[in-house]
Amino acid sequence: MKPSGTLRFFAAVVAALALLCIVFPTDGIALGGVTLRFPSLHKVLVREKEKSMDQLLVKRVERDLTGARDSIEACRSQIFEGQTRFWLPNDDIGCFDKFFASIENAVDDKRIVRVLHYGDSQIEQDRISCRLRERLQTTFGGGGPGMLPLRQPVPTITFNQSASGSLTGQSTYGDSSFSRANGNYGPMLRSWRVTGGATLSLYASNGRYASEMAGRFSTLRVLFNNRPGPLSVEMHNRKGPGQYSRSVDKPGVGMIAWQMDTVTSSASLTFTGTADIYGIMVDNGYGVAVDNIAMRGVSGHQFKQTNFDQLAEAYRLMDVGMIIMQFGGNSVPYLRTEKSIDNYCEKLGEQIDFVRRACPEAAILFIGPSDMSTKVGGSLATYPMLPTVVERLRDMANAHGAAYWSIYDAMGGYNSMTAWVKNGYAGSDYIHFTHKGARIMGDYLSDALMNMYDLYKIRHQLSPQQFDRMWNSKPTL
């Protein structure tokens, strides 16, 4: 074939492909159980520029300001603008005030104020929670890994543990190996029933991402629901003198506690009796405790399955100051219409209301899903309905009196996941963060919360009239 003929042939092929790009249905053509798709002409001709991590990562700001007005403006811009901002119900900058007051005075008041971080597999292994814990404990006191289940389904980066004996798992979620317990699940939405006897050993991890502050404790508390008959728990401190025994006869939700003479990084417990063990609180000194409660595969609709009275009493005994609910990622692939999104959000709103009634003194923060990628037209892109899910979750949380924080926006928004994966901050499933990425996200969340605390301090240093005048005045250009 002559060169001119070859050129005409290739031109005809290109023209035919271009025509196919134009006329082929955007939703594809279904043939049996297979859908044939073809890229649009725009997609073929215009290659979308991939976002870089330099564009996506938020620069941490160290404020060196000269006065209250400058500080107020800096706080305002970070609270209401930018990737890591909060969405506050009715723009109420005081929605965390009670929580801040409690942790600010926790050491003087001899309290351990707890932050319960509920979430799906995105927070497994103590990811994200561990960074928030370290930041709060460094600022407000406290230590230890927080509340641990009797058996940890997924090992964490913070603590190791093993349990044996007559144990039956009871859970609102998970596979068939867990039984249902008529609402008797406790604050971790999963409990372990001891019938006769059981033992638990726990010790700090020395892994790469382990925190020295979280690996040391001096207080152990067992939260339980006692069944008829006595419950006895014996604590063995490997580094301390001897054994410590406690027992209780009264049925119902209760707590057994030990205050050790020395700080340790390991201990064991022996249980005798019949009781549902809700969790083991492992803390060090007064201040803040952050409890990582990861629930793989959940939608966030599990709270109302718990017995309300038992949950409320457990929250009271725990001294809960904040409840974080981080959900949505597991539902995104199945939310394909606006009606399905509205139904999902409506049920989540009921969960927030239920938790608020059970723990009326706690601040509630809802965290939405990260960016997630799927095949769209043959290429990886954000799930089509994910931006709408994020928006509706934000509106839902605020409508039910909860603050909202968006991991999706903190990452950089639409199609940001591909850059996070490429740079090692997220996994090859294009859903979950790696440890490196989770640490970044935990720092973003901590920075955002501490910025709210900075504004809280400024507001209490000024008279209400002074603050209102500065807050409502326009910034000087």
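Numbering of residues begins at 1 and proceeds along the displayed sequence.
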- Check: Phe96 ring centre within less than 6.0 Å of Phe86 ring centre: yes
- Residues Arg133 and Asp291 bridged, charged N to O under 4.0 Å: no
- So, do Gln122 and Ile367 sit near enough that their side-chain heavy atoms are less than 4.5 Å apart? no
- Query: Quick one: salt bridge (charged side-chain N to carboxylate O under 4.0 Å, His left out) partners of Arg392, sequence neighbours excluded?
  - Reply: Glu338, Asp342
- Task: Mark yes or no: Arg127 above the aromatic ring of Phe433, with NZ or CZ under 6.0 Å from the six-membered ring centre and no more than 45 degrees from the axis.
- Result: no
- Side-chain donor/acceptor of Asn90 to backbone N/O of Asp92, under 3.5 Å: no
- Message: Has Asn226 got a side-chain atom pairing as donor or acceptor with Gly229's backbone, closer than 3.5 angstrom?
- Response: yes
- Query: When the ring planes of Phe327 and Phe366 are compared, do they come out parallel, tilted or perpendicular, using 30° and 60° as the limits?
  - Reply: tilted
- Answer whether the closest heavy-atom distance between the side chains of Ile123 and Gln326 falls below 4.5 Å. yes
- Item | Flag for Glu234-Ser245: side-chain donor and acceptor within less than 3.5 Å | yes
- Between Asp371 and Thr382, do the side chains contain an N or O donor and an N or O acceptor separated by less than 3.5 Å? yes
- Hey, does the side chain of Arg131 reach the backbone of Ile128 with a donor-acceptor pair shorter than 3.5 angstrom? no
- In terms of heavy-atom contacts, does CG of Asp429 have more than 12 from other residues, nucleotides or ligands at under 6.0 Å? yes
- Query: Has the side chain of Ser218 got a donor or acceptor atom that lies under 3.5 Å from a matching backbone atom of Thr262?
  - Reply: no
- Query: Do Arg135 and Asp443 sit within salt-bridge range, that is, some charged N less than 4.0 Å from a carboxylate O?
  - Reply: no
- Message: Within a 6.0 Å radius of atom CZ on Arg246, are there more than 12 heavy atoms belonging to other residues, nucleotides or ligands?
- Response: yes
- Aromatic ring pairing Tyr344/His301, orientation class (parallel under 30°, perpendicular over 60°, tilted between): tilted
- Query: Do the ring centers of Phe303 and Phe354 come within less than 6.0 Å of each other?
  - Reply: no
- Task: Flag the pair Asp319 and Arg111 as a salt bridge only when some basic side-chain nitrogen lies within less than 4.0 angstrom of an acidic carboxylate oxygen.
- Result: yes
- Message: Is the distance between the ring centroids of Tyr383 and Tyr414 under 6.0 Å?
- Response: no
- Got a donor-acceptor contact below 3.5 angstrom from the Glu104 side chain to the Tyr453 backbone? no
- Query: Would you find a donor on one side and an acceptor on the other, under 3.5 Å apart, between the side chain of Asp283 and the backbone of Gly144?
  - Reply: no
- Message: Can a donor-acceptor pair be found, under 3.5 Å and without considering hydrogens, that links the side chain of Arg85 to the backbone of Phe80?
- Response: yes
- Could you go through the side-chain contact (heavy atoms from CB on, under 4.5 Å) check for Ile293 and Leu189 one step at a time? CA-CA 9 Å; Ile293 307 174; Leu189 308 191; 5.9 Å; no
- Message: Does anything in residues 403-413 form a side-chain hydrogen bond (donor to acceptor under 3.5 Å, both in side chains)? List the pairs, not counting sequence neighbours.
- Response: Ser406-Asp409
- Has the side chain of Asn330 got a donor or acceptor atom that lies under 3.5 Å from a matching backbone atom of Val298? yes
- Query: Do Ile256 and Trp258 touch side chain to side chain, with heavy atoms closer than 4.5 Å?
  - Reply: yes
- For the pair Phe224 and Tyr278, evaluate ring pair (Phe, Tyr, Trp, His ring centres under 6.0 Å) and give the outcome as yes or no after the intermediate values. CA-CA 5 Å; Phe224 59 87; Tyr278 288 160; 8.3 Å; no
- Message: Looking at every heavy atom in both Leu150 and Leu200, which two are closest together, and how far apart are they?
- Response: O-CD1, 3.5 Å
- Item | Salt-bridge present (Lys347, Glu350; N to O < 4.0 Å) | no
- Between the side chain of Ser191 and the main-chain N/O of Asn184, is any donor-acceptor distance below 3.5 Å? yes
- Any donor-acceptor pair under 3.5 Å from Gln351 side chain to Lys304 backbone: yes
- Walk me through it: do Asp120 and Arg296 pass the test salt bridge (charged side-chain N to carboxylate O under 4.0 Å, His left out)? CA-CA 5 Å; Asp120 51 31; Arg296 177 178 293 187; over 6 Å; no
- Message: Using 0.5 Å steps for rounding, measure from the OH atom of Tyr173 to the CE atom of Met295.
- Response: 6.0 Å
- Query: Does CG in Asp109 sit with more than 12 non-hydrogen atoms of other residues, nucleotides or ligands closer than 6.0 Å?
  - Reply: yes
